[in-house]
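The first residue of the sequence shown is numbered 1, and numbering continues consecutively from there. The analysis underlying the following values was restricted to heavy atoms, covering all of them including side chains, and did not include hydrogens, waters or symmetry mates. Whatever order the structure lists ligands and atoms in, that order sets their numbers, starting from 1.
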Amino acid sequence: MRELFEKIRSRTATVGVIGQGYVGLPLALVFCEAGFAVTGFDLDPKKVDAISRGESYIKRIGPERVAAAVSSGRFRATTDFARLRDCDAIMICVPTPLGPHREPDNSFIHATARQIAANLRPGQLVVLESTTYPGTTDTEVRGILEQTGLRCSEDFLLAFSPEREDPGRKDFTTKSIPKIVGGVDPTSTEAAAALYGAAMDRVVPVSHARVAESSKLLENIFRSVNIALVNELKVIFERMDIDVWEVIEAAKTKPFGFMPFYPGPGLGGHCIPLDPFYLSWKAAEHGHWARFIELAGEINTRMPAHVVGKVMQALNDEGKALRGARVLVLGLSYKANIDDDRESPSYEIIELLEEGGAEAAYCDPFFPKARKGRKHDVGLESIPHYDAVVVSTAHDQFRDPALYRDVRLVVDARNLMAQVPFGGARRPRVVKA
Ligand SMILES: NC(=O)c1ccc[n+]([C@@H]2O[C@H](COP(=O)([O-])OP(=O)(O)OC[C@H]3O[C@@H](n4cnc5c(N)ncnc54)[C@H](O)[C@@H]3O)[C@@H](O)[C@H]2O)c1
């Protein structure tokens with residue numbers, strides 16, 4: 001292992017990153033920019049080809065960063081997993097989705113562990129980055145790697161380090177967000193801390209991989225529960241004719257002990273709607289019900305139906321029915337100003353509108369054509385005629401007052417209309433949802 005530590009210290013270690021998606025590509029770039037030779041692995045030849053051409057397929061990662069990394073000669077991508085043998089450190093950044101009954105699906109992690117096992121050699125460090133329940137690294141990944149006959153801690157090292165990216169955020173980067181690392185033994189923690197410390201601003205070592213796995217889940221559960229809280233309060237305050245947005249603005253002037261969370265049309269993205277259920281599933285195995293997680297999930301998943309209910313009411317006030325109405329949903333991304341529509345509540349809103357007989361359309365500058373998702377395949381393209389407009393995502397482009405010149409009714413799930421500078425221009429009727 002001394003050789004591994006020396007290679008990390010001198011930045012001559014070869015780093016392999018498996019999965020070149022939203023997490024893996026920026027991670028590979030950070031290590032390349034720190035001076036390491038990096039190989040990006042992916043099953044998807046389109047991603048590998050794009051990287052090889054020096055192109056980026058993720059909007060927030062500028063193509064110039066990929067081009068610079070490739071032309072430095074230190075970054076290459078491949079679908080050939082035999083090259084894992086050349087890597088001193090291997091990071092796993094593959095998806096961890098949910099199955100149809102909200103159960104964890106670790107099959108991508110298992111498949112990747114088998115690919116590594118087929119190429120494992122003594123002296124390597126393997127780090128799992130994919131979000132998962134505690135114990136995955138220490139039992140499932142370790143078990144697959146040890147089927148080779150090589151022993152963890154003696155022949156190879158193994159750790160978990162969670163990805164904490166917040167897509168679209170400008171004030172923190174992959175490099176500057178503190179990196180938690182936890183090994184399955186002290187040497188693994190030390191090696192992983194040395195590796196990430198060579199490329200990132202701050203490393204936070206913890207006592208074990210299970211702690212690192214749990215800390216990531218705590219962060220996401222914290223968000224899910226607090227978002228559910230304000231979503232529930234929104235519905236309650238609505239009945240009392242109180243604007244929840246104004247309440248939050250007032251509460252957040254407290255300089256301590258309060259952190260603002262905002263209501264919305266439901267949860268989206270690859271993390272918050274999915275990850276908490278990894279823990280509730282695992283908790284059941286230990287005879288415990290993760291009630292906060294389940295309750296938050298229940299409240300948050302009901303939000304799209306709440307928004308559609310508000311559309312129905314608002315149309316009704318104008319003597320119209322949802323059936324036959326043309327409704328335009330603004331935004332497919334799950335949050336403002338990013339090109340990520342995974343798990344976006346907009347899809348569910350569109351489906352519910354259509355189930356209610358409306359003719360639904362959407363408009364999103366980031367998605368000229370909607371993609372087929374895990375659950376939803378709305379198959380629509382933007383069209384510009386409508387009886388009501390639903391604000392589902394607060395993209396900056398939707399702040400232009402000219403957009404609303406001919407709009408009569410806006411059902412706003414993001415409080416966006418309060419920020420549109422209408423001046424003396426005609427305002428549409430706005431119903432908060
Ligand atoms: N996107 C985020 O903001 C974010 C933030 C924190 C944590 N995470 C977690 O990070 C993990 C990865 O998420 P992501 O958003 O990068 O996913 P992604 O879908 O963008 O990328 C995953 C990549 O892995 C590839 N892949 C799948 N199976 C593979 C295999 N066996 N071998 C090689 N490549 C394989 C896919 O082709 C894809 O390119 C997940 O566990 C997720 O929960 C994501």
Side-chain angles (χ1 to χ4, degrees), residues 16-30 39-51 56-61 66 77-84 87 90-99 104-119 126-134 136-137 140-141 144 160-169 172-174 177-180 212-213 215-224 267-279 333-335 338-344 371-374:
V17 182
I18 306 181
Q20 288 294 290
Y22 287 90
V23 168
L25 179 58
L27 187 69
L29 290 173
V30 164
T39 306
F41 295 85
D42 207 292
L43 294 175
D44 182 355
K46 283 202 228 98
K47 290 197 171 106
V48 168
D49 291 345
I51 293 172
S56 172
Y57 39 85
I58 298 175
K59 195 174 180 350
R60 56 184 178 267
I61 299 171
V66 182
T78 182
T79 53
D80 176 10
F81 288 83
R83 305 261 282 272
L84 283 169
C87 299
I90 298 167
M91 291 141 182
I92 305 171
C93 306
V94 296
T96 42
L98 289 178
D105 174 5
N106 268 350
S107 60
F108 295 88
I109 294 181
H110 295 169
T112 306
R114 285 193 292 273
Q115 283 158 337
I116 298 173
N119 298 285
V126 177
V127 185
L128 178 62
E129 289 234 356
S130 304
T131 309
T132 180
Y133 47 78
T136 308
T137 310
E140 298 173 25
V141 177
I144 294 171
F160 182 85
S161 181
E163 171 54 49
R164 305 166 107 181
E165 203 202 354
D166 180 13
R169 223 190 159 94
F172 286 96
T173 62
T174 311
I177 297 170
K179 196 81 173 107
I180 293 174
E213 289 163 332
S215 69
K216 170 70 186 176
L217 292 177
L218 170 60
E219 290 167 14
N220 287 350
I221 292 162
F222 174 77
R223 288 192 60 74
S224 168
L267 295 181
H270 194 351
C271 294
I272 316 291
L274 310 183
D275 301 347
F277 296 107
Y278 269 69
L279 190 67
S333 311
Y334 76 87
K335 70 175 190 174
I338 63 164
D339 62 337
D340 195 341
D341 62 341
R342 290 182 293 178
E343 306 292 327
S344 171
R371 291 183 288 170
K372 189 176 183 313
R374 185 172 67 100

The single option from I272, L279, L274 passing side chain to side chain contact (heavy atoms under 4.5 Å, CB included) against N220: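 Going through the options one by one, the only one that passes is I272.
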Within the 4.5 Å heavy-atom criterion, are [X] and [Y] side-chain neighbours or not?
X    : Y    : answer
I92  : V127 : no
P26  : T173 : no
I180 : E219 : yes
D105 : T96  : no

Close-contact set for ligand 1 against [X] heavy atoms, below 4.0 Å:
X    : result
Q115 : 30 (C), 31 (N), 32 (N)
I18  : 32 (N), 33 (C)
P95  : 19 (O), 22 (C), 24 (O), 27 (C)
C271 : 4 (C), 5 (C), 6 (C), 7 (C), 8 (N), 44 (C)
F108 : 27 (C), 28 (N)
E163 : 5 (C), 6 (C), 7 (C)
H270 : 13 (O), 14 (P), 15 (O), 17 (O), 40 (C), 42 (C), 43 (O)
K47  : 38 (C), 39 (O)

D166/K335 ion pair, N-O < 4.0 Å: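 Yes, this pair counts.
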Among protein heavy atoms, which lies nearest [atom], and at what distance?
atom                    : value
atom 18 (P) of ligand 1 : R342 NH1, 3.7 Å
atom 29 (C) of ligand 1 : L43 CD1, 3.5 Å
atom 37 (O) of ligand 1 : D42 OD1, 2.6 Å
atom 9 (C) of ligand 1  : T131 OG1, 3.5 Å
atom 24 (O) of ligand 1 : G19 CA, 3.3 Å
atom 2 (C) of ligand 1  : V23 CG2, 4.0 Å
atom 21 (O) of ligand 1 : G21 CA, 3.2 Å

Mode of C93 contact toward ligand 1 - side chain, backbone, both, neither (heavy atoms, under 4.0 Å):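 Looking at C93 and ligand 1, just backbone atoms fall under 4.0 Å.
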Which segment of P167 sits under 4.0 Å of ligand 1 when only heavy atoms are counted: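 Under 4.0 Å from ligand 1, P167 contributes side-chain atoms alone.
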Full working for side chain to side chain donor-acceptor pair (under 3.5 Å) between E140 and H110: CA-CA 8 Å; E140 298 173 25; H110 295 169; 2.7 Å; yes
Taking every non-hydrogen atom, the tightest pair across [X] and [Y]:
X    : Y    : result
D80  : F41  : O-CE2, 3.4 Å
P273 : G268 : CD-O, 3.3 Å
K179 : S161 : NZ-OG, 3.0 Å

Criterion side chain to side chain donor-acceptor pair (under 3.5 Å) on E165 and T174, from CA distance to verdict: CA-CA 6 Å; E165 203 202 354; T174 311; 5.1 Å; no
Backbone or side-chain N or O of Y22 under 3.5 Å from ligand 1 N or O: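 So ligand 1 has an N or O lying under 3.5 Å from an N or O of Y22.
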Atom pair OG1/CG of T132 and D275 - distance to nearest 0.5 Å: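 So the gap between those two atoms works out to 9.0 Å.
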Of the listed options T96, T112, D166, V94, closest to atom 11 (C) of ligand 1 (non-hydrogen atoms):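 The nearest heavy atom belongs to V94.
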